[in-house]
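Residue numbers start from 1 in every chain, and the chains themselves are labelled A, B, ... in the order their sequence lines are given, proteins ahead of strands.
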Amino acid sequence: MGLFSKKKGEILILDNLASMFAEKMSEDNIEFTMEPNVLNDGYTKFIYSKEDIPKVRVLTDRYGITKHSDSISEKKENKVIKFLMKVYFLATIFIIFAIIFAYVIVNYGENWEFVNTISFLTPELLEGITRIGLRIWVFNLGLSILISVLIYTIEEEMNYTTKTGVYILLINLVFFVVIILILRKILRKQGSPLGVFGGVI
Amino acid sequence: MKQIIKVYAIISALILFVILSYFAFWPETFASVLEKLAQIYQSGEKLTTIYTYDLTTLENVLTMLFSAYAINILVNIIVLALAYVTEDKFNVRITLYILAINLIFLAIAYSIIKLLAETGVKGISKLVSRRK
């Protein structure tokens with residue numbers, strides 16, 4: 001069985017029927033291209049000109065391929081969600097970099113020349129970035145779990161959008177492990193300064 | 001069945017989301033509950049002993065969330081078995097995904113509590129007081 005997609009001139013055919021269908025289309029002099037369909041696992045997509053649509057319909061009717069086609073339509077990635085996930089991905093990376101940057105400068109960059117030339121980079125500001133940034137990041141970690149699961153339940157496929165959600169979560173988890181390792185070092189330093197991470201817990 | 005599993009997956013993710021939001025917005029409460037759990041862990045008692053402590057509302061909610069999270073891991077295994085018998089790839093994948101996230105967090109939470117138990121209650125109190 002096969003299914004018609006919403007876009008004209010395209011049809012999805014079950015993989016095991018694809019070669020037979022291609023043969024019949026060639027016999028009817030229909031020009032087409034075939035491509036595997038990632039979003040609809042197990043189907044092959046046939047693309048042909050608009051003029052050949054009636055011919056293809058005749059073929060699918062003749063071989064009973066359209067039997068269940070009305071109930072299913074081709075799944076497509078939601079472009080808005082895709083764009084939002086890209087923005088979220090970049091925002092996550094930005095937050096992590098801002099925290100690392102502020103932390104490194106507060107702890108090791110006291111005598112760095114470029115730091116002293118930037119007038120607005122005060123220790124208070126950097127400590128604030130680390131402290132507030134880490135809070136935002138912790139919230140973001142929870143949000144990334146929720147969003148990645150939500151996106152997966154909406155898309156039901158491992159496509160670009162879903163993968164982006166998983167990557168965001170993985171990046172956050174790796175950063176979480178790094179923070180715990182730093183925290184362990186800080187907590188085990190008995191009597192020594194605790195650094196800005198101390199203020200986060 | 002797919003709809004039930006979808007709802008379950010979102011609820012599971014919500015539990016973790018709320019716990020982490022607590023960590024982000026009420027770190028004092030989080031630290032206080034962790035401190036109590038570390039004390040219990042050190043004394044070798046059951047972690048459920050925390051319910052006998054005199055807790056604030058926020059602390060109570062957080063301990064309940066921890067319990068919900070722990071129960072959820074058990075429920076997750078049952079749902080995974082159910083998802084498997086539905087013979088639907090998506091059902092199994094989403095349940096496995098949730099289980100993986102839950103187990104990673106369990107491992108991280110365990111290492112944090114162990115760390116706090118090792119460094120002592122004073123360590124965390126010192127850190128919390130530095131924040132103010």
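- No more than 12 heavy atoms of other residues, nucleotides or ligands shown are found within 6.0 angstrom of CD on A/Glu31.
- Not counting sequence neighbours, the partners of B/Ile104 by the side-chain contact (heavy atoms from CB on, under 4.5 Å) test are A/Leu173, B/Ile108.
- Among residues two or more places apart in sequence or in another chain, the side-chain hydrogen bond (donor to acceptor under 3.5 Å, both in side chains) test is passed with A/Asn172 by A/Trp137, A/Ser144.
- For the options B/Ile94, B/Leu14, B/Ile19, B/Val18, heavy-atom pairs under 4.5 Å to chain A are most numerous at B/Ile94.
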From CA spacing to verdict: side chain to side chain contact (heavy atoms under 4.5 Å, CB included), A/Ile145, B/Phe17: CA-CA 7 Å; A/Ile145 293 172; B/Phe17 171 63; 5.9 Å; no
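- Within 6.0 Å of the CZ atom in A/Phe97, the count of heavy atoms belonging to other residues, nucleotides or ligands does not exceed 12.
- Between A/Glu156 atom CD and B/Asp88 atom CG the span is 8.0 Å, to the nearest 0.5 Å.
- At a heavy-atom cut-off of under 4.5 Å, chain A is reached by B/Lys2, B/Lys6, B/Ala9, B/Ile10 from residues 2-11 of chain B, listed in order of number.
- A heavy-atom distance below 4.5 Å is not found between the side chains of A/Glu157 and B/Phe90.
- Note that CG of A/Leu143 is 8.0 Å distant from OG of B/Ser21, once rounded to the nearest 0.5 Å.
- Around atom CD1 of A/Ile132, no more than 12 heavy atoms belonging to other residues, nucleotides or ligands sit under 6.0 Å away.
- Summarising the geometry of B/Pro27 relative to A/Arg135, their closest heavy-atom pair is CG-NH2, 3.1 Å, with the distance given to 0.1 Å.
- Around OH of B/Tyr69, the count of heavy atoms belonging to other residues, nucleotides or ligands within 6.0 Å exceeds 12.
- Shown here is B/Phe25, whose CZ atom has more than 12 heavy atoms of other residues, nucleotides or ligands within 6.0 Å.
- A 6.0 Å sphere centred on CZ of A/Phe94 holds no more than 12 heavy atoms belonging to other residues, nucleotides or ligands.
- Side-chain contact between B/Phe23 and A/Val138 is present, with at least one heavy-atom pair separated by less than 4.5 Å.
- Contacts from residues 54-67 of chain B to chain A, taken as heavy-atom pairs separated by less than 4.5 Å, involve no residues at all.
- B/Phe105 touches chain A through its side chain: at least one heavy atom from C-beta onward sits under 4.5 Å away, while N, CA, C and O do not.
- The closest side-chain heavy-atom distance from A/Phe139 to B/Leu20 is not below 4.5 Å.
- The shortest side-chain heavy-atom distance between B/Tyr97 and A/Leu169 falls under the 4.5 Å cut-off.
- Within a 6.0 Å radius of CD in B/Glu87, other residues, nucleotides and ligands contribute 12 heavy atoms or fewer.
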